[in-house]
Amino acid sequence: MLQLQLVREHQNEIIDALKKRNIEAAPLVAKVLQLDEERRALQTKLDATLAESNKLSKEIGGLFKSGKAQEANLLKAKTGALKEESKLLGDDLNNTANALQDILYQIPNIPHASVPAGSTDADNEEIFKEGDIPVLIPGALPHWELAKKYDIIDFELGVKITGAGFPVYKGKGARLQRALISYFLDKNAAAGYTEMQVPHLVNEASGLGTGQLPDKEGQMYHVGEDDLYLIPTAEVPVTNLFRGEMVDQKEFPICYTAYTPCFRREAGSYGAHVRGLNRLHQFDKVEIVRVEHPNNSYQALDGMVDHVKDILRELQLPFRILRLCGGDLGFTAALTYDFEVFSTAQDRWLEISSVSNFETYQANRLKLRFKDEQGKSQLAHTLNGSSLALPRVLAGILENYQTADGIEIPEVLRPYCGFDKID
RNA sequence: GGAGGAAUGGCAGAGUGGUCGAAUGCGGCAGUCUUGAAAACUGUUGAGGGUCACACCUCCGGGGGUUCGAAUCCCUCUUCCUCCGCCA
């Protein structure tokens with residue numbers, strides 16, 4: 001959520017910047033300013049009424065003490081009217097404040113200056129590319145065929161147990177997946193991220209804190225009976241650890257990592273691009289989350305990008321980094337870098353990580369603050385990134401490492417797997 | 001599941017109807033002392049709204065109520081703690 005003060009002071013810059021998202025924000029911003037003005041007018045009125053009533057109450061107290069009960073009772077009659085008035089004003093104020101918040105919830109984060117204009121993923125800007133695209137054996141297979149051939153992932157079995165998008169990993173497939181999780185967590189820990197285990201269901205306040213709610217309810221599985229949501233990413237529980245917190249700026253940088261399964265309803269997806277592991281309702285992911293001083297957050301973002309790069313280098317997967325254009329940028333992010341691995345057998349790039357700086361957008365909802373040098377409380381910056389999402393990394397490994405007599409395991413994963421080939 | 005107790009500022013912890021936005025301690029900040037640091041001492045220090053700045057208003061877990069007046073009394077919800085029972 002944007003800070004109200006920012007909207008008040010920089011409305012034109014905001015409207016301009018949001019054009020990069022292809023959003024005509026002028027009506028929303030105008031509405032915000034109008035409601036804000038109404039709110040302040042009501043607040044002033046209410047404050048005056050309450051001040052008057054407070055003053056009378058004090059007088060009454062004094063009169064009772066000095067035994068002038070009659071005079072006191074006269075004043076009492078006055079306060080009744082004030083009370084009624086303040087009740088009405090309070091209701092109006094609440095309604096206006098709620099309406100204002102509803103509008104603010106509809107305005108996405110302001111894109112960073114470096115975000116390119118554009119409307120679809122075709123407009124994303126490739127800023128880095130590394131790794132050789134392997135030449136595959138004749139008759140190379142996509143991962144869903146390989147999964148069947150080596151009996152390591154069973155999609156039909158998942159359909160029986162749950163439904164489409166819930167695969168069952170078997171034998172070496174399961175082991176490879178667990179190896180990846182351990183490897184990612186170890187890499188993150190070595191880079192200074194503290195490992196956390198967090199709940200996989202969150203309450204409504206957490207969903208609001210990181211921006212999944214309101215509006216994107218449909219993306220999350222909801223457990224109606226207990227009013228809880230299955231997490232779509234560890235970002236939600238991990239970032240919400242800081243909801244309502246006042247952190248000491250000496251604690252910066254705050255770096256956490258967590259492995260969780262992720263649950264996404266992904267309504268409306270279909271077609272060849274969602275085959276196999278490409279798009280699932282349940283998948284595993286190791287996430288990194290940082291809370292930073294505003295002065296350092298972009299440096300931190302670069303550090304996170306370098307960290308993910310490092311992992312992909314070790315896995316020896318060809319990858320590229322995209323700077324997302326305004327149209328493809330997530331609602332709450334100011335700047336996002338997507339990592340994509342080239343899947344040779346599918347002949348396409350697969351998104352395997354997304355690293356973002358949210359600046360104060362999440363922190364404003366979370367009320368995540370720190371005390372600056374002057375002792376004033378300030379909103380912190382939050383960042384997160386996948387490090388990494390499992391299924392497409394798995395797909396990339398299976399497809400790029402296939403040979404005539406089996407799938408090689410990347411060197412770095414062998415100690416974790418306990419085997420060096422799937423055959 | 002049963003029976004009790006509790007929720008106050010960054011933290012700990014007083015406060016049972018007006019003089020309480022709230023004692024005290026710790027922490028933070030500024031200063032004195034010191035070559036520097038620590039210790040000690042002095043001052044300062046809750047959050048949000050509002051204002052050019054003041055004034056002023058709101059906030060003592062959430063919501064509602066009683067009262068001229070609520071951190072304080074009542075109802076309700078949530079959470080935590082203790083004891084008992086059950087249990088991976």
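So that the names make sense, note that chain A is the first sequence line, chain B the second, and so on, each numbered from 1. Here the structure is a predicted model, which means the values were calculated and not measured.
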Can you tell me the base-pairing partner of [N]? Count Watson-Crick or G-U wobble geometry only, both distances below 3.5 Å, and say none if there is no partner.
N      : answer
B/rG61 : B/rC77
B/rA53 : none
B/rC86 : none
B/rC41 : B/rG31
B/rC11 : B/rG25

How would you list all residue pairs meeting salt bridge (charged side-chain N to carboxylate O under 4.0 Å, His left out) that involve residues 84-100 of chain A, not counting sequence neighbours?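 Sorted result for residues 84-100 of chain A: empty, none.
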Enumerate the salt bridge (charged side-chain N to carboxylate O under 4.0 Å, His left out) contacts for residues 21-35 of chain A, please, sequence neighbours excluded, ordered by first and then second residue. none
Pairing residues for A/Ala395 by the side chain to side chain contact (heavy atoms under 4.5 Å, CB included) criterion, not counting sequence neighbours: A/His143, A/Leu277, A/Leu350
Set of side chain to side chain contact (heavy atoms under 4.5 Å, CB included) partners for A/Asn22, sequence neighbours left out: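 If we apply the side chain to side chain contact (heavy atoms under 4.5 Å, CB included) test to A/Asn22, skipping adjacent residues, the hits are A/Ser119.
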Between [N] and [M], how far is it from one [atom1] atom to the other, in whole Å?
N      : M      : atom1 : value
B/rG5  : B/rC86 : P     : 24 Å
B/rG9  : B/rG28 : C1'   : 13 Å
B/rA38 : B/rG48 : C1'   : 38 Å
B/rG1  : B/rU72 : C1'   : 34 Å
B/rG4  : B/rA71 : P     : 28 Å
B/rA40 : B/rC57 : P     : 40 Å
B/rA39 : B/rA30 : P     : 15 Å
B/rA6  : B/rG61 : P     : 13 Å

Side chains of A/Lys285 and A/Thr233: do they bring a donor and an acceptor to under 3.5 Å?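 There is such a pair (donor and acceptor under 3.5 Å, judged by atom type) between the side chains of A/Lys285 and A/Thr233.
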Have A/Thr360 and A/Gln3 got a donor and an acceptor in their side chains that come within less than 3.5 Å?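 Present: a donor and an acceptor within the cut-off.
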Going by the rule ring pair (Phe, Tyr, Trp, His ring centres under 6.0 Å), which residues pair with A/Tyr298 if we only count those two or more places apart in sequence or in a different chain? A/His112
According to ring pair (Phe, Tyr, Trp, His ring centres under 6.0 Å), who are the partners of A/Phe166, at least two apart in sequence or on a separate chain?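 A/His281.
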Spacing between [X] atom [atom1] and [N] atom [atom2], to the nearest angstrom:
X        : N      : atom1 : atom2 : result
A/Lys367 : B/rG46 : NZ    : C1'   : 16 Å
A/Phe370 : B/rC29 : CZ    : P     : 14 Å
A/Glu251 : B/rG28 : CD    : P     : 13 Å

Tell me, for nucleotides 50-58 of chain B in 5' to 3' order, what letter each nucleotide earns: B for a base near a protein heavy atom under 4.0 Å, S for only sugar-phosphate near one, - for neither? SS----SSS
State, yes or no, whether a side-chain contact exists between A/Ile321 and A/Val308 at a heavy-atom distance under 4.5 Å. no
Is the A/Phe370-A/Phe252 ring centre distance short of 6.0 angstrom? yes
Heavy-atom count check: over 12 atoms from other residues, nucleotides or ligands less than 6.0 Å from [X] [atom1]?
X        : atom1 : value
A/Lys148 : NZ    : no
A/Lys58  : NZ    : no
A/Gln299 : CD    : no
A/Gln5   : CD    : no

For the CZ atom of A/Phe358 and the OG1 atom of A/Thr332, what is their distance to the nearest 0.5 Å? 4.5 Å
Straight-line distance of A/Met1 CE to A/Asn364 CG, nearest 0.5 Å: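 With rounding to 0.5 Å, CE (A/Met1) is 4.5 Å from CG (A/Asn364).
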Output a table of nitrogen or oxygen pairs between the protein and nucleotides 65-72 of chain B separated by less than 3.5 Å.
residue, atom, partner, partner atom, Å
B/rC68, O2', A/Ser57, OG, 3.0
B/rG69, O4', A/Ser57, OG, 3.4

Short heteroatom pairs, N/O only, protein and nucleotides 10-13 of chain B, under 3.5 Å:
none

Heavy-atom contacts under 4.0 Å between residues 92-103 of chain A and RNA chain B, which residues?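 Residues of residues 92-103 of chain A that come under 4.0 Å of RNA chain B do not exist, since none gets that close.
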Pick out the pairs of N or O atoms, protein on one side and nucleotides 78-81 of chain B on the other, that lie under 3.5 Å.
none

Listed partners of A/Arg323 passing side-chain hydrogen bond (donor to acceptor under 3.5 Å, both in side chains), at least two apart: A/Glu125
